[in-house]
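The structure appears right after this line, and notes come after that.
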Amino acid sequence: MRKQIAAANWKMNLTLQKGEELLNEIIALPHSLNEDQQAIFAVPFPYLAMAHQKMGGYKNVFIAAQNCYNKKSGAYTGETSVEMLQSIGIKFVVLGHSERREYFNESNQFLAEKVNICLENSITPIFCCGEALSVREANSQNEFVTKQLEESLFHLSAEQIQKVVIAYEPIWAIGTGKTATSEQAQEIHAFIRSQFAAKYGAAVAENISVLYGGSVKASNAKELFSQPDVDGGLVGGASLIAAEFVAIINALK
Ligand code: PEP
């Protein structure tokens with residue numbers, strides 16, 4: 001059965017002290033995760049060890065990196081390998097966030113290589129996809145997202161694809177306060193699942209968690225997560241406020 005996931009994306013925010021404070025506040029607020037639910041915190045690289053140490057003991061709570069490199073090791077100054085992440089206990093990596101695609105020119109092919117190296121090293125990619133406003137206005141979001149999935153993921157085996165978490169994030173809804181309606185989210189999530197079903201079969205597609213990202217907050221999480229193909233959220237801004245993120249965790253189905 002696929003997991004329901006609340007994933008925090010801190011992006012390039014907070015200091016070590018503020019990050020630690022935020023985690024302390026989250027721990028102190030009442031929340032619960034059942035067997036099929038997970039909370040994941042994608043924190044900046046310098047805080048991974050602190051966050052893992054603090055949260056690693058809690059059941060179904062994980063720390064994620066926000067990126068990794070596509071090479072095993074070597075002369076790549078400033079980059080971080082999956083082996084390094086693994087060596088400090090990290091099990092998840094966010095890949096292909098639209099900010100990385102836009103500001104760092106990450107292509108579908110480059111992301112395919114990152115997906116491969118993660119899976120080879122037992123790290124779960126949280127693979128982000130999603131269209132810009134102009135694509136949505138042209139009603140081409142399905143074709144756009146299909147291309148992202150095909151070029152970065154469809155070379156994987158059925159066994160491997162079930163180890164990937166998908167985050168559908170319409171770029172027009174990220175950090176803008178504009179959220180896709182729950183109907184819009186359900187429609188494209190169902191479409192994404194249908195693409196996996198067409199490629200790998202319905203049973204495999206049913207096992208893949210598809211998160212929604214784009215201005216998720218306490219006030220809209222329950223409605224979004226109640227949709228049958230929305231398996232939780234990848235949350236930016238609201239994940240920096242303890243009460244907001246805990247409410248989002250508690251909104252998981
Ligand atoms: C994100 O960073 O992936 C995101 C969805 O941000 P926000 O929740 O702030 O829109």
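Both ligands and their constituent atoms are indexed starting at 1 by order of listing. Nothing fancy with the numbering, it's 1 onward along the sequence.
For the pair Glu131 and Arg136, the salt-bridge criterion is met [side-chain N within less than 4.0 Å of a carboxylate O]. In this structure, Glu99 pairs ionically with Lys11, as a charged nitrogen and a carboxylate oxygen lie closer than 4.0 Å.
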Which donor-acceptor pairs under 3.5 Å do side chains of residues 82-93 form with protein atoms, sequence neighbours excluded?
unit_1: Glu83; atom_1: OE2; unit_2: Lys72; atom_2: NZ; d: 3.0
unit_1: Gln86; atom_1: NE2; unit_2: Asn121; atom_2: O; d: 2.5
unit_1: Ser87; atom_1: OG; unit_2: Met84; atom_2: O; d: 2.6

Could you pull out every donor-acceptor pair under 3.5 Å between side chains of residues 148-157 and any protein atom, sequence neighbours left out?
unit_1: Gln148; atom_1: OE1; unit_2: Gly130; atom_2: N; d: 2.8
unit_1: Glu151; atom_1: OE1; unit_2: Asn108; atom_2: ND2; d: 3.1
unit_1: Glu151; atom_1: OE1; unit_2: Gln109; atom_2: NE2; d: 3.3
unit_1: Glu151; atom_1: OE2; unit_2: Lys147; atom_2: NZ; d: 2.7
unit_1: Ser152; atom_1: OG; unit_2: Asn108; atom_2: O; d: 2.8
unit_1: Ser152; atom_1: OG; unit_2: Gln148; atom_2: O; d: 3.4
unit_1: His155; atom_1: NE2; unit_2: Asn116; atom_2: OD1; d: 2.6
unit_1: Ser157; atom_1: OG; unit_2: Glu159; atom_2: N; d: 3.4
unit_1: Ser157; atom_1: OG; unit_2: Gln160; atom_2: N; d: 3.1
unit_1: Ser157; atom_1: OG; unit_2: Gln160; atom_2: OE1; d: 3.4

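Listed by chain and number, the residues in a ring-ring contact (aromatic ring centres under 6.0 Å, His included) with Phe41 are Phe245 (sequence neighbours excluded).
The local environment of CD in Gln53 is sparse, with at most 12 non-hydrogen atoms from other residues, nucleotides or ligands closer than 6.0 Å.
A heavy-atom cutoff of 4.0 Å around ligand 1 is satisfied by the protein residues Asn9, Lys11, His97, Glu169, Ala173, Ile174, Gly175, Gly213, Gly214, Ser215, Leu234, Val235, Gly236, Gly237.
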